[in-house]
Number of protein chains: 2
Amino acid sequence: MPETRDDWEERLKEYLSANDLRLTRQRHLIAEAFFETDGHPNIDELYLRVRRRAPHIGQATVYRTLRLLVDSGLAASSRFGGAATRYEASDEDSHHDHMICTECGSITEFNNEAIERLQEEVARKHGFAMHSHKMELYGLCRKCSEREPGSPEPPKEAR
Amino acid sequence: MPETRDDWEERLKEYLSANDLRLTRQRHLIAEAFFETDGHPNIDELYLRVRRRAPHIGQATVYRTLRLLVDSGLAASSRFGGAATRYEASDEDSHHDHMICTECGSITEFNNEAIERLQEEVARKHGFAMHSHKMELYGLCRKCSEREPGSPEPPKEAR
DNA sequence: CTGCATGCAAAAAATTTGCATGAGG
DNA sequence: CCTCATGCAAATTTTTTGCATGCAG
């Protein structure tokens, strides 16, 4: 079972050579920064992080490389709420979904085999050839819901 | 069981007066255009549609009104893939999720009680107070998957 | 060498906001 | 009347693209 976060270097090389793409210093740096970042960074965060090591790198290259990582299957992208796209290492063996706190913005991962199976079943029933899915639960995380017990009127907007 | 698509006028008035907001000609027109549109229009589509009846209306007003409809619970917004936000009438009695074809972009709705229940269970287990959720299956719709039987390499990018 | 990749800045696309004017209650 | 809402355009934010130059293979 390939663990993307450990395995990325080889997997990236494979993908690149299989597609006649080049392993550039930038691509390596960006991928490295990406895979050593836990959580769900967005382009800006990655850009800043990479910049520390390679000050003259272009933001466009970060965008381009992250798209490449997504195309290769090494990364997955999501847009929670209305914010900028966030990325995470995609580990095909253990897909997971997200719970997003609309109060503090924290993201919790979970996975549930039963739901996965039901999704495939639904797709099949509709003649739909599912190749991926995305599921997000919005609400208050434990901390925030404890802080505001019977929130009489949840914040009108959580942007 | 309130059916939003029939009931929107009264519900909108209630929300507005409850929040000291005004029922303006524009808001009415935009809501009307929205609720008589099937599918999942985006701001542009609604703007064009409303413009036919009220040529001098501003795009910003459409944005502002759709946000209002979402805040009021009369509408729900989603962003499929990387495209602009799309809106739909939200009928609290029958939540549904989406299957998006990455080939032709068609959107199919479905709902599955079992999945809903499991979602709530997962949330509860994590101490998470879920107030809404979103689920999207990506893949090829029946038509598209019939057209490309054993697609040897799915289109690298479906933007 | 040769062509893909990069950096930079400009362009796009989507959405928000400031402000003077208009109109709902 | 007194605000809140609108229209318009300008500003933001996020992402993409064009192009000359660089560098991987």
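Every value quoted in this text rests on a predicted model; they were computed, and no experiment measured them. Order of the sequence lines sets the chain letters (A, B, ...), proteins ahead of strands, with each chain counted from 1.
Exactly one of H133(A), Q119(A), E136(A) qualifies for a side chain to side chain contact (heavy atoms under 4.5 Å, CB included) with M135(B). That residue is Q119(A). Each of R27(B), R49(B), R53(B) was checked for a salt bridge (Lys or Arg N to Asp or Glu O under 4.0 Å) with E32(B), and the lone residue meeting it is R53(B).
Note that the CG atom of D97(A) and the CG atom of N111(A) stand 8.0 Å from one another [nearest 0.5 Å].
Under the 30°/60° scheme for interplanar angles, the aromatic rings of W8(A) and F35(A) are found to lie parallel.
dC4(D) atom C1' lies 8 Å from atom CZ of R27(B), rounded to whole Å. Rounded to whole Å, the distance from CG on L23(A) to C1' on dG22(D) is 16 Å. Atom CD1 of I57(B) and atom P of dA9(D) are 15 Å apart (whole Å). In this structure, H28(B) places its NE2 atom 17 Å from C1' of dA23(C), rounding to the nearest Å. In this structure, the OH atom of Y47(B) is 14 Å from the P atom of dA14(C), given to the nearest Å. Between the CD atom of Q59(B) and the C1' atom of dA10(D) there is a distance of 14 Å, given to the nearest Å. Counting to the nearest Å, the P atom of dG24(C) and the NZ atom of K13(B) are 14 Å from each other. Between the CG atom of L21(A) and the P atom of dT2(C) there is a distance of 21 Å, rounded to whole Å.
Nearest-nucleotide positions on DNA chain C for H56(A) and L68(A) put L68(A) closer to the 5' end. Residue order along DNA chain D, read from the 5' end via each residue's closest nucleotide, puts D44(A) first among R64(A) and D44(A).
The base of dG24(C) lies outside donor-acceptor range of the side chain of R25(B), with no N or O pair under 3.5 Å.
Closest to the A60(A) side chain, of the nucleotides dT17(D), dT15(D), dT17(C), is dT17(D).
No donor-acceptor distance shorter than 3.5 angstrom exists from the side chain of N19(A) to the backbone of L21(A), with no hydrogens or angles considered.
A close approach under 4.0 Å does not occur between any side-chain nitrogen or oxygen of Y63(B) and OP1 or OP2 of dT16(C). At least one side-chain nitrogen or oxygen of T24(A) sits closer than 4.0 Å to the OP1 or OP2 atom of dT6(C). Side-chain N/O atoms of T85(A) include none lying less than 4.0 angstrom from OP1 or OP2 on dT14(D). Proximity of R22(B) to the phosphate of dT3(D): no side-chain N or O atom is located under 4.0 Å from OP1 or OP2. Of the side-chain N and O atoms in Q26(A), one or more sit less than 4.0 angstrom from OP1 or OP2 of dG7(C). In terms of phosphate contacts, R67(A) brings no side-chain nitrogen or oxygen within less than 4.0 Å of OP1 or OP2 of dT15(D).
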